[in-house]
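Lettering follows sequence order; numbering is per chain, from 1. No experiment lies behind these values; they were computed from the predicted model shown.
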Number of protein chains: 2
Amino acid sequence: MFSKSCEYGLRAVLFIAKQSTADTKVSLTTISESIDSPQAFTAKILQQLTKSGFVQSSKGPYGGFFIEKENLPTIKLSDIVSVLDGDSIYTGCGLGLHQCNEKEPCPLHFKFVKIRENLKNMLETNTLSMVVKDMNSDIFHLKI
Amino acid sequence: MFSKSCEYGLRAVLFIAKQSTADTKVSLTTISESIDSPQAFTAKILQQLTKSGFVQSSKGPYGGFFIEKENLPTIKLSDIVSVLDGDSIYTGCGLGLHQCNEKEPCPLHFKFVKIRENLKNMLETNTLSMVVKDMNSDIFHLKI
DNA sequence: ATAATAAAGGATAATTTTGTCCTCTATTAA
DNA sequence: TTAATAGAGGACAAAATTATCCTTTATTAT
Ligand code: FES
Ligand code: FES
């Protein structure tokens, strides 16, 4: 469904978001150990997310990655997915036709659209605050 | 959502299925031109589908690919997807955790499961006959 | 039998994705 | 001002996916 980059990215963002509710910055090492992802690769992904402004970073001792608390309610999961995987998952044809539209649809278009809309809706209605709140229940995991 | 192999495979199967309702065998060349896919690559995909029994083939002049008419109502889209992409799309964790289950779910598990079930249900309830029937309406395309 | 047709299959290549390594830059504390 | 820490970024490497080429095998008509 998502690329590895996007999977790692979402897990990293959720981890950072959770820590940020307690004003805790987290280092790359902590992140990659906590979400069980390849460290250097995760660094690249976090670079994209900091460039796009959804994640903040600070260098040097006591530095690390964090998300501004006031942004947690406004950042949607779809924002992260868009940065890392683009929006072909929302707009692309499920059968790989070059353009997806109702005028020249593939035979599965109207069936795919429903599923795509479900996914889009789920990712757009869930903000980081909302997911982090769930994560207070300790049944949820970001690794293994 | 699907790999290129699976996209080409589904398009090829739908094309073959449509022709098979008129007892017409189709050659690789015809298929790849009709669905706008790389010919040699499509051949590999069709090999997998013939090995797995969903598609038939015959060599030599007047040969080509076809699907037994009586199988059209029983072959589901999910059968094709399983052959070409496996079933990780049905059972894998959306955030890439090694195992997806309700005991140690990722924070998006219960949201993902709904979407996965929608997709699974769509692919399992649509047989080749059903999709081919739609394809009689000439608004549907398999290329461009 | 022979030539033509068409799929099967092996080997290889190109491209994309995934992943690593090393140096540079910024920040902090001592 | 120096040493230590931590992200940024460039170069490179491995692996997986996508794609091509060529030979072999089977079938058909002549
Ligand atoms: S054209 Fe295929 S999903 Fe819209
Ligand atoms: S554990 Fe992530 S989707 Fe089930």
Rounded off to whole Å, could you give me the CD-to-P distance for the Glu7(A) and dT18(C) pair?
8 Å

Quick one: is dG9(D) close enough that its OP1 or OP2 comes under 4.0 Å of any side-chain N or O from Gln47(A)?
yes

Please report the distance, rounded to the nearest Å, between CD1 in Ile45(A) and P in dG9(D).
15 Å

With DNA chain D as reference, determine whether Phe65(A) or Thr42(B) sits nearer its 5' end, using the nearest nucleotide of each.
Phe65(A)

Atom pair distance, as rounded to whole Å: CZ in Phe2(A) and C1' in dT18(C)
18 Å

Give the intermediate values and the outcome of side chain to side chain contact (heavy atoms under 4.5 Å, CB included) for residues Leu108(B) and Leu95(B).
CA-CA 8 Å; Leu108(B) 300 180; Leu95(B) 294 185; 4.0 Å; yes

Would you say the side-chain atoms of Ser20(B) pair up with the backbone N or O of Lys18(B), donor to acceptor, closer than 3.5 Å?
no

With 3.5 Å as the limit, what N/O pairs link the protein to nucleotides 14-17 of chain D?
none

Under the salt bridge (Lys or Arg N to Asp or Glu O under 4.0 Å) test, which residues partner Asp23(B), sequence neighbours left out?
Lys69(B)

For Asp134(A), all residues meeting salt bridge (Lys or Arg N to Asp or Glu O under 4.0 Å), sequence neighbours excluded:
Lys111(B)

Please state whether the phosphate of dT18(D), meaning OP1 or OP2, lies under 4.0 angstrom from any side-chain nitrogen or oxygen of Tyr8(B).
no

For Lys25(B), does the NZ atom have more than 12 heavy-atom neighbours from other residues, nucleotides or ligands under 6.0 Å away?
yes

dA8(D) OP1/OP2 closer than 4.0 Å to side-chain N/O of Thr50(A)
yes

Donor-acceptor contact below 3.5 Å, side chain Arg11(B) vs main chain Cys6(B)
no

Before you tell me yes or no, could you show the steps for Lys120(A) and Ile89(A) under side chain to side chain contact (heavy atoms under 4.5 Å, CB included), namely the whole-Å CA-CA distance, both residues' side-chain angles and the distance that decides it to 0.1 Å?
CA-CA 9 Å; Lys120(A) 189 178 179 192; Ile89(A) 196 161; over 6 Å; no

Filtered N/O pairs between nucleotides 26-30 of chain D and protein, under 3.5 Å:
{"from": "dA26(D)", "atom 1": "O4'", "to": "Lys59(B)", "atom 2": "NZ", "distance (Å)": "3.4"}

Among residues 86-100 of chain B, which ones have heavy-atom contacts with DNA chain C below 4.0 Å?
none

Pairwise distance CD(Glu117(A)) to CD(Glu124(A)) - rounded to 0.5 angstrom
8.5 Å

Using whole Å, what does the distance between atom P of nucleotide dA8(C) and atom CD of Gln56(B) come to?
11 Å

Going by side chain to side chain donor-acceptor pair (under 3.5 Å), Asn101(B) matches just one of Lys103(B), Glu104(B), Gln99(B). Which one?
Gln99(B)

Quick one: Gln39(A) CD to dA6(D) P, roughly how many Å, whole number?
11 Å

Starting at atom CG of Leu84(A), determine the distance to atom C1' of dT16(C), rounded to an integer number of angstrom.
16 Å

Is there any protein nitrogen or oxygen under 3.5 Å from a nitrogen or oxygen in nucleotides 1-3 of chain C, and what are the pairs?
none

Are any side-chain N or O atoms of Asp85(A) and backbone N or O atoms of Ser3(A), one a donor and one an acceptor, separated by less than 3.5 Å?
yes

Check Phe41(A) against Ser5(A) and note the closest heavy-atom contact, atom names and distance.
CZ-OG, 3.4 Å

Closest-nucleotide 5' rank along DNA chain C - winner of Lys44(B) and Val26(B)
Val26(B)

What's the CG-C1' distance between Leu28(B) and dA8(C), to the nearest Å?
11 Å

Carboxylate-amine/guanidinium proximity below 4.0 Å for Lys4(A) and Glu7(A):
yes

Full working for side chain to side chain contact (heavy atoms under 4.5 Å, CB included) between Leu128(B) and Leu77(B)
CA-CA 7 Å; Leu128(B) 295 188; Leu77(B) 296 178; 4.1 Å; yes

